[in-house]
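Here's the structure we're looking at; comments come further down.
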Amino acid sequence: EAQLVESGGGFVQAGGSLILSCAASGFTIRDYAIAWFRQAPGQDLEGVSIIPKDSKRADHINSVVGRFAVFRDNAKNTVFLHMNDLKPEDTAVYYCAAGNSVFGGTPGLNRPDEYSHWGQGTQVTVSS
């Protein structure tokens, strides 16, 4: 059974850092782009960061550029989201997702429908 499991969430003060992990089983992440999404209470799901299959160019939404970085370790079948200088507005449940676009390329952060595998989420809470 294909599965993604996130870990590493928690409570942190503004300006702090966290590293989220996304461990895959039942499939190999090498065949997929891996993205991180988040959802704050009462808000829509938001794509945050994505790393393509070839890891050549990660992409992020503007609000996290310079603060978040995403890495993949194909040997460990795991993707990591390094979050620095966290802000209260980063508070959300963070999900990782694996997917490919219709033509086999990198799906968009605004296209959650293009992701076939999702984790259960991990809570990140940033206090001011």
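Residue numbers start at 1 and run along the sequence shown. Atom set for the values below is all heavy atoms of this structure, side chains included, hydrogens, waters and symmetry mates excluded.
- The nearest pair of heavy atoms linking A69 to H60 is CA-CE1, 3.9 Å.
- Atom NZ of residue K87 and atom OG of residue S127 lie 13.5 Å apart, to the nearest 0.5 angstrom.
- Counting heavy atoms from C-beta on, the side chains of C22 and W36 come closer than 4.5 Å.
- Annotation: side chain of I50 is in contact with side chain of Y115 (closest heavy-atom distance under 4.5 Å).
- With hydrophobic clusters built from ILVMFWY side chains whose heavy atoms lie under 4.5 angstrom apart, V64 does not share a cluster with F80.
- Proximity of E46 to N110: side-chain heavy atoms (C-beta onward) are nowhere separated by under 4.5 Å.
- Side-chain atoms of R72 come within 3.5 Å of backbone atoms of I29 as a donor-acceptor pair (strictly under, hydrogens ignored).
- Of all the heavy atoms in A92 and A40, the pair that sits closest is CB-N, 3.8 Å.
- Shortest non-hydrogen contact noted between L4 and A97 is CD1-CA, 3.9 Å.
- Aromatic ring pairs are classed by plane angle as parallel below 30°, tilted from 30° to 60° and perpendicular above 60°; the pair Y95 and W118 is perpendicular.
- D59 and R57 are not joined by a salt bridge, as no carboxylate oxygen comes within less than 4.0 angstrom of a charged side-chain nitrogen.
- For the pair L20 and V124, the minimum side-chain heavy-atom distance is below 4.5 Å.
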Q: Under the side-chain contact (heavy atoms from CB on, under 4.5 Å) rule, what do N77 and T28 come out as? Steps first, then yes or no, please.
A: CA-CA 6 Å; N77 221 25; T28 177; 3.8 Å; yes
Q | Trace of the ring-ring contact (aromatic ring centres under 6.0 Å, His included) decision for F27 with Y32 | A | CA-CA 9 Å; F27 70 102; Y32 293 86; 5.2 Å; yes
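- With values rounded to the nearest 0.5 angstrom, T125 atom OG1 is found 11.0 Å from D90 atom CG.
- Shown here is D44, whose CG atom has no more than 12 heavy atoms of other residues, nucleotides or ligands within 6.0 Å.
- When only modelled atom types and interatomic distance are considered, T78 and D73 share no side-chain donor-acceptor pair under 3.5 Å.
- Between Q120 and E6, the closest side-chain pair of non-hydrogen atoms falls below 4.5 Å.
- Under a 3.5 Å cut-off, the side chain of T122 and the backbone N or O of G9 do form a donor-acceptor pair.
- In the hydrophobic clustering of ILVMFWY residues, with side-chain heavy atoms under 4.5 Å counting as a link, L45 and L81 come out together.
- Under the 3.5 Å distance criterion, the side-chain polar atoms of D85 are left unmatched by any main-chain donor or acceptor of R67.
- Between S128 and P88, the closest heavy-atom pair is CB-CG, 3.8 Å.
- Panel note: side chain E114, backbone N100; no donor-acceptor pair is recorded below 3.5 Å.
- Looking at heavy atoms from C-beta onward, F68 lies in side-chain contact with L86 at the 4.5 angstrom threshold.
- The backbone N or O of Y94 sits nowhere less than 3.5 Å from a side-chain atom of Q39 that would complete a donor-acceptor pair.
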Q. Step by step, would you call F71 with H82 a ring-ring contact (aromatic ring centres under 6.0 Å, His included)?
A. CA-CA 8 Å; F71 304 95; H82 290 215; 4.9 Å; yes
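- Closest non-hydrogen pair, P52 versus T106, comes out as CB-OG1, 3.5 Å.
- In this structure, OG in S101 is found 9.0 Å from CZ in R111, a value given to the nearest 0.5 Å.
- Residues V79 and V70 are in side-chain contact: their nearest non-hydrogen atoms beyond the backbone lie under 4.5 Å apart.
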